[in-house]
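The structure under discussion appears below in the form of structure tokens.
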Amino acid sequence: MYYNWKETTNTEELKIVCNLIRNGELVIFPTETVYGIGANALDEKAVGKIFIAKGRPSDNPLIVHLADKNQIKEVAQNITEVEQKLIDAFMPGPFTLILERKSIIPDIVTAGLDTVAIRIPDNVIARGILTYSGVPIAAPSANLSGKPSGTSVEDIRKELEGKVSAIVDGGETDIGLESTVVKVIHEVPLILRPGKITPEQIEKVAGIVRLDSNIFEEIQQNQKIESPGMKYKHYAPETKCRVICFEDELDQLFYMKRAIKEYRGDVVVLGFTEHKEKIYVSENRYIDIGSKDHLEEVAQKLYTSLRKADALKPQIILIEGVKQEGLGIAIMNRLLRTCSYDCIKENTIKI
Ligand code: AMP
Ligand code: MG
């Protein structure tokens, strides 16, 4: 069933949706980051359906969503001082913390790890569903495994309709990128996946922060990784993608034009508003991803723009990269995976 809650949440329908969750069914719902495909996290069979619907590898664990902070102690234990500080500062919000797991959480959720990823979303619809269903909800992003995450129902309907019992439409998601994922190791927060909550914000709270070395790099074979999700292809449309990323505007435009020529114009450009008149491609082949000085806008539009570009079936999608600072860290982390590390930037030019 499709439920339109773009304007207001409907209490009667909320009851129906929460009953579906309690009865072990799958529900797609919005959060402030991206859409989630959720099931009762305590019901092994229900969680199994998520992996099947997404085609997700079974060794990639899920984030468990909670209605409020009191619920954390029901699913996790031995919370340290630093972890508590992070909980107090960033929950509810676009922030996921890896904690020591309690046995109430089935193995299928954590892929057998002794930790569990916890998030409390800050979105009226998500919190309504979590509160009234009364159970923790395991919910990865609503998309087929490997594809860009879903930030609007229009984008994911084709992929997942028929595989879930309900789709709740809350309009476009606010942030557009998945949560920041953090694991505290020896009292130091390690960012496993960057997001809206930036390293600077975490450092302010914990006094120290580290970025996992894989955030901008391809995983090598047999490399030890903290988060199973890191090793899989992610955020990628069908079409080949390339990121072009120079600080100097003239360089940026030069290398963009060179790539357009290389592909004889059969490209789609995901470019900044500022460059719309400066990068020449045929009509409808320039998708404006927002101002280069407004990364919130770029993050919010990113996945929808990738899907739009993919639908046009060019030979290649050329994407303007951003500065790797603040929210730009999260955007570049996603883009590098989107383009399978085909990124042209300073120091990578072959003359
Ligand atoms: P998704 O729900 O698809 O946005 O992805 C959740 C991310 O969190 C994936 O990259 C997972 O590998 C990661 N994750 C979930 N649980 C854990 C855990 N217990 N330890 C480390 N990473 C985790
Ligand atoms: Mg995902």
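Read the numbers this way: they start at 1 and go in the same order the structure lists the ligands and their atoms. Numbering starts at 1 and runs along the sequence shown.
- Although no hydrogens or angles enter the test, the distance criterion places no donor-acceptor pair under 3.5 Å between the side chain of Thr151 and the main chain of Thr173.
- If you check which protein heavy atom lies closest to atom 22 (N) of ligand 1, you get Ser227 OG, 2.9 Å.
- When Leu306, Ile287, Val268, Val269 are each tested for a side chain to side chain contact (heavy atoms under 4.5 Å, CB included) with Ile319, only one passes: Leu306.
- Panel detail: the Mg ion (ligand 2) has protein N, O or S atoms under 2.8 Å away, 1 in number.
- The cationic group of Arg119 does not satisfy the cation-pi geometry with Phe90, failing either the under 6.0 Å distance to the six-membered ring centre or the 45° limit from the ring axis.
- At least one heavy atom of Leu113 sits closer than 4.0 Å to an atom of ligand 1.
- Selection from His234, Arg193, Arg101 by nearest heavy atom to atom 7 (C) of ligand 1 gives Arg193.
- Looking at atom 21 (C) of ligand 1, its nearest protein heavy atom turns out to be Glu226 O, 3.4 Å.
- Judged by distance alone, with hydrogens and angles left aside, the side-chain atoms of Tyr35 form a donor-acceptor pair with the main-chain N or O of Gly170 at under 3.5 Å.
- Comparing Pro228, Pro140, Ala142 by heavy-atom distance to atom 2 (O) of ligand 1, the nearest is Pro140.
- Remark: ligand 1 atoms within the under-4.0 Å shell around heavy atoms of Thr115 are 18 (C), 19 (N), 20 (N).
- Where the criterion is an N or O separation shorter than 3.5 Å, residue side chain and backbone included, Arg56 meets it with respect to ligand 1.
- Close approach of ligand 1 to Ile98 is summarised as follows: ligand atoms under 4.0 Å from at least one heavy atom of the residue are 17 (C), 18 (C), 19 (N), 20 (N), 21 (C), 22 (N), 23 (C).
- Under a 4.0 Å criterion applied to the non-hydrogen atoms of Ser141, ligand 1 contributes the atoms 2 (O), 3 (O).
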